[in-house]
Amino acid sequence: MMDERNAIEVRNITKTFKVYYDKGTELKEKMLFWKRNRYENKDVLKNVSFEVKKGEAIGLVGKNGCGKSTTLKMLTKIIYPNSGEIEMQGRVSSLIELGAGFHPDMSGRENIYTNASIFGLTKKEIDARLDDIIRFSELEEYIDNPVRTYSSGMYTRLAFSVAINVDADILLIDEILAVGDANFQAKCFNKLREIKAEGTTIVIVSHSLGQIEQICDRSIWIRDGHIALEGNPKDVHMEYLNYMNEQRIDRLERERTDMQIREMNERNDVNKNKKRYGSEDAKFTTIRMLDKDGNEQSTFKTGDEMILDLDYHVEQKVTDAVFGFGIFRNDGLWCYGTNTRIDRMKNFDLEKDGNFKVAITDLNLIPGQYWCDITIEYGEGNPVDYYKQAMKFEVVSNVTDVGISRIPHNWELNL
Amino acid sequence: MKQLKELYDYREMIFSLVKKDLRGRYKGSVLGFLWTFINPLLQLMVFTLVFSIIMRAGYEQYYLFLFVALVPWMFFASSVQDGSTSILREKDMVKKIYFPREVLPIATVTSGFVNMLLTFIVIFVVLIFSGRGINPLAVLCLPVVMIVQYILCLGIALIVASLTVYLRDLQYILGILVMALQYMTPVMYGSDMVPDWALPIFRMNPLTPVIEIYRQILYYKQIPHLTSLLLAFCTGVVFIVIGELLFRKLQKGFAENF
């Protein structure tokens, strides 16, 4: 039996999708190729349980394919779990697919009736809400025109207005606040808050963690069909983002290794690389980017330490040499550049093969892709080996600040 | 019980689907909704022409004999054929949103039913003007047999609608079956023409008593026997119970089988 205080109880649900290699739904196919109907079972959710209290708002987060939308579809009763139970109390409305059953030839007003009836509203109930729905959609002038004449924004506005005015006890939402223009989005958001204040239970699936944090009391992070963590949205999201960044770094590392092998080959093929020019009295031979532990790395978090580790070969003595590096964003914006002369290092000559390192202690760049140029120059500024786009690296971060560089700062609020 | 209450809550959806279907049927034509009446009237004229001039059958006013049975038959045929695709046709909605799935076959059968009711206006007009007349007492039984037929049609529609989702061929197989069944049901002939040895098989057809009652009321102007009405009713109830049980079981997989 259900606890009186709960709006939703999900108990040990498991969902398995059959992934057919070659599915047939025709009789002929079923009979002739019954062997062909082989399939693989893919477990989307494994033994998941959670409860939602009446009036509570929760967010489901997780990466694509983790099973969060499947969970929502089961709450909506579009699909059913293979085992386990879902119990719910009250009228359910879903903002999963807006405008289901809209008929393009019918007017906006007629479509309100059709669409609302799909949510289980009677004519009387729709009559009572009609004005609210039209007002909320801001489509007063167009409401008697056929829906096919509407722009896509108007269409969504109408559909959203219907769904949100159903007065459900439980509202299920999937990535919905990404619709309409900024003003309408803000309006929807406020309406959602209002609905929550009235005691409606809300379940949101979204990739916009910020929206979840603003509305939800609790977040559930689903990973590989299990609940990885649940609790205060901010805490859960922090853990989730850390995990996602690590995954991203892993993947980029794999890609980078492939890419580097390819680039090396290209470089060997074309001796005169256009990205590289100079007298060639001295040349870079190996180029490496390291993290603070000395491991080769091409993805860094904002604020990490990054070390450039460079070997060079000397063909002919270079007197009064200068080493330098520059960082460019992938759109070509020059973020930073310096060299040993600018930094007032002592003058030096290059006589034999050697190595130097640059440690960038706080890589305060905003997330994005960057190129690094490296140079050896003569004292007067002519290039010995100017290597454009010698390295590519990526910066990731949990923080969503904007611009080019994270300027260290502190807030002091005197409220 | 819970399901029934929920279906009652969704009555507005059923109404609006029926309305959409009836209005959409002759959409874009000049005469529009009038076709609902013109169509059967023209059909009747063809029957009259063919059967009273060219192919004279052994029944007096054969066109009426045929027509009062054919109209209920067409309601049955459309319930089965449109009913079998009622879920498939609305798969976008079924995939996207929750509502009791029974709504779809109910709406399809209901819209066929309303269409039959409208055609009955034509039947009555013709019965009166052809001089055959009507027996008011017998006509009082008409709503009962209509409801019985509605229940039977809905039961069968629930079965075929849910099965067709899993086996698409069924919609084409049903086309043939319905046609064959038409010749095994006393639509074009009376059951007096059936040889004795075939009668037991003939009686197994659930449509036979229903069609006969229609004809008894309208063509023979007789009050139908209570037993035959009761028999038809029981058949209808059996079908709707089996239909609903099967439907409820199969509907859980609808969204995953499109």
Side-chain angles (χ1 to χ4, degrees), chain A residues 15-20 23-31 44 70 72-82 88 91-103 105-106 110-127 159 162-163 166 168 170 172 174, chain B residues 2-3 5-25 27-28 85 87-104 106-107 163-174 176 248-258:
Chain A
K15 182 70 194 172
T16 311
F17 283 128
K18 286 176 182 166
V19 184
Y20 286 89
K23 190 184 180 182
T25 45
E26 287 173 29
L27 187 63
K28 179 194 78 186
E29 291 172 299
K30 282 204 170 160
M31 299 213 304
V44 184
T70 306
L72 206 66
K73 273 189 181 163
M74 284 196 280
L75 291 178
T76 329
K77 288 196 278 185
I78 293 173
I79 56 175
Y80 292 77
N82 294 73
M88 294 201 271
R91 174 185 267 164
V92 181
S93 171
S94 61
L95 298 181
I96 294 181
E97 291 280 352
L98 289 175
F102 264 26
H103 198 292
D105 287 330
M106 296 206 294
E110 287 171 306
N111 269 307
I112 291 177
Y113 278 94
T114 322
N115 194 228
S117 73
I118 297 173
F119 288 106
L121 260 59
T122 59
K123 179 140 194 327
K124 216 194 277 174
E125 288 173 306
I126 303 170
D127 285 336
V162 177
V166 168
I170 302 172
L172 308 170
D174 193 353
Chain B
K2 221 172 123 189
Q3 272 91 357
K5 198 200 159 286
E6 199 184 18
L7 277 177
Y8 181 71
D9 287 341
Y10 275 82
R11 61 191 179 278
E12 181 58 30
M13 184 180 178
I14 298 174
F15 291 151
S16 84
L17 283 173
V18 171
K19 215 158 61 186
K20 201 162 93 180
D21 185 54
L22 288 174
R23 275 170 58 182
R25 211 170 270 207
K27 200 170 180 70
T85 54
I87 305 287
L88 278 180
R89 264 180 289 139
E90 299 292 348
K91 65 177 172 194
D92 286 331
M93 228 154 74
V94 174
K95 264 192 297 194
K96 286 173 179 174
I97 195 165
Y98 172 79
F99 54 87
R101 309 306 189 202
E102 286 89 344
V103 162
L104 295 174
I106 291 176
L163 287 177
T164 305
V165 176
Y166 294 88
L167 188 64
R168 307 284 160 92
D169 295 58
L170 199 58
Q171 50 185 306
Y172 310 112
I173 297 172
L174 283 171
I176 305 291
R248 201 181 295 169
K249 192 161 168 52
L250 293 182
Q251 64 101 3
K252 294 191 173 182
F254 281 173
E256 289 167 67
N257 270 285
F258 291 131

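Within every chain, numbering begins at 1; the chains are lettered A, B, ... in the order of the sequence lines, protein sequences first and strands thereafter.
Residue contact with chain B, scored on non-hydrogen atoms closer than 4.5 Å, involves the side chain of S94(A) exclusively. Both the backbone and the side chain of F119(A) have a heavy atom closer than 4.5 Å to some heavy atom of chain B. Proximity to chain A (any heavy atom under 4.5 Å) is shown, for V103(B), by neither the backbone nor the side chain.
Residues T122(A) and R11(B) have side chains in contact (heavy-atom distance under 4.5 Å, counting atoms from C-beta outward). Residues Q251(B) and Y80(A) meet the side-chain proximity criterion, which asks for heavy atoms closer than 4.5 Å.
Counting heavy-atom neighbours within 6.0 Å of R23(B) CZ, excluding the residue itself, gives a total of 12 or less.
We find the CD1-OH distance between I118(A) and Y10(B) to be 9.5 Å, quoted to the nearest 0.5 Å. In this structure, OG on S16(B) lies 7.0 Å from CE on M106(A), to the nearest 0.5 angstrom.
Taking every heavy atom of both residues into account, I78(A) and R101(B) meet most closely at CA-NH2, 3.8 Å. In this structure, A255(B) and I79(A) approach most closely via the heavy-atom pair CB-CG2, 3.8 Å.
Look at E110(A) and K19(B) and you find no salt bridge, because none of the NZ, NE, NH1 or NH2 atoms lies under 4.0 Å from a carboxylate O.
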Please report the C-alpha distance between E12(B) and E125(A) in whole Å, then the side-chain angles of each, then the deciding distance to 0.1 Å, and finally whether the side chain to side chain contact (heavy atoms under 4.5 Å, CB included) criterion is met. CA-CA 10 Å; E12(B) 181 58 30; E125(A) 288 173 306; over 6 Å; no
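Note on T76(A), L121(A), N115(A): by heavy-atom pairs under 4.5 Å with chain B, the leading option is T76(A).
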